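Remarks on the structure that follows.
Source: prediction; values computed, not measured.
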Amino acid sequence: SCINFTLEYYKIEPSEFITTDQLIFYDSDQADPGAIIAQINGSADGGEGGGGVCYSVQASSGCLTVQFTSDGSNSFEGFAGAWEGTATAC
């Protein structure tokens, strides 16, 4: 089976030198550091704190965990995405 998660947009706190806000995607049913398949922070598009058009990840384990972490110092819009599961392999 395959789970495909596509970001419609994201607007999280940017930072060039330290990680402030980030999205972490795991090919697992939990936040297992050994199963990280992607990480996005607000600087991914050059420092403006957003982007993600046509950005997607695939999980082949049958489970996908999305974790948002923040330092809580600023408020931004966040993120939106959609997932789709298929019976075929990724």
Nearest non-hydrogen partners of Ser1 and Gly62, listed with the distance: OG-CA, 3.6 Å

Evaluation steps, side chain to side chain contact (heavy atoms under 4.5 Å, CB included), between Leu7 and Ile40: CA-CA 11 Å; Leu7 277 176; Ile40 296 176; 3.6 Å; yes

Sidechain-backbone polar pair: Ser56 side chain, Thr6 backbone, donor-acceptor under 3.5 Å: no

Exercise: identify the closest heavy-atom pair between Tyr9 and Gly78: CE1-O, 4.0 Å

Closest heavy-atom pair and its distance - Ala35, Ser28: CB-CB, 3.7 Å

Residues forming a side chain to side chain contact (heavy atoms under 4.5 Å, CB included) with Ser61, sequence neighbours excluded: Asp27, Cys63

Test side chain to side chain contact (heavy atoms under 4.5 Å, CB included) applied to Gln67 - qualifying residues, sequence neighbours left out: Ile24, Tyr26, Ala31, Thr69

Contacts of Ser73 that satisfy side chain to side chain contact (heavy atoms under 4.5 Å, CB included) - sequence neighbours left out: Glu13, Asp71

Stepwise side chain to side chain contact (heavy atoms under 4.5 Å, CB included) test for Asn4 and Trp83: CA-CA 5 Å; Asn4 186 50; Trp83 63 273; over 6 Å; no

Value rounded to 0.5 Å, distance of CD1 in Ile3 from OG1 in Thr86: 9.0 Å

Joint hydrophobic cluster, Phe68 plus Ile36, side-chain heavy atoms closer than 4.5 Å: no

Where Leu64 and Val57 come nearest, the two heavy atoms and their spacing: CD1-CG2, 4.5 Å

Cluster overlap Ile37 with Phe79, hydrophobic side-chain contacts below 4.5 Å: yes

From CZ (Phe76) to OH (Tyr10), nearest 0.5 Å: 12.5 Å

Heavy-atom pair of closest approach, residues Gln30 and Thr65: N-OG1, 3.2 Å

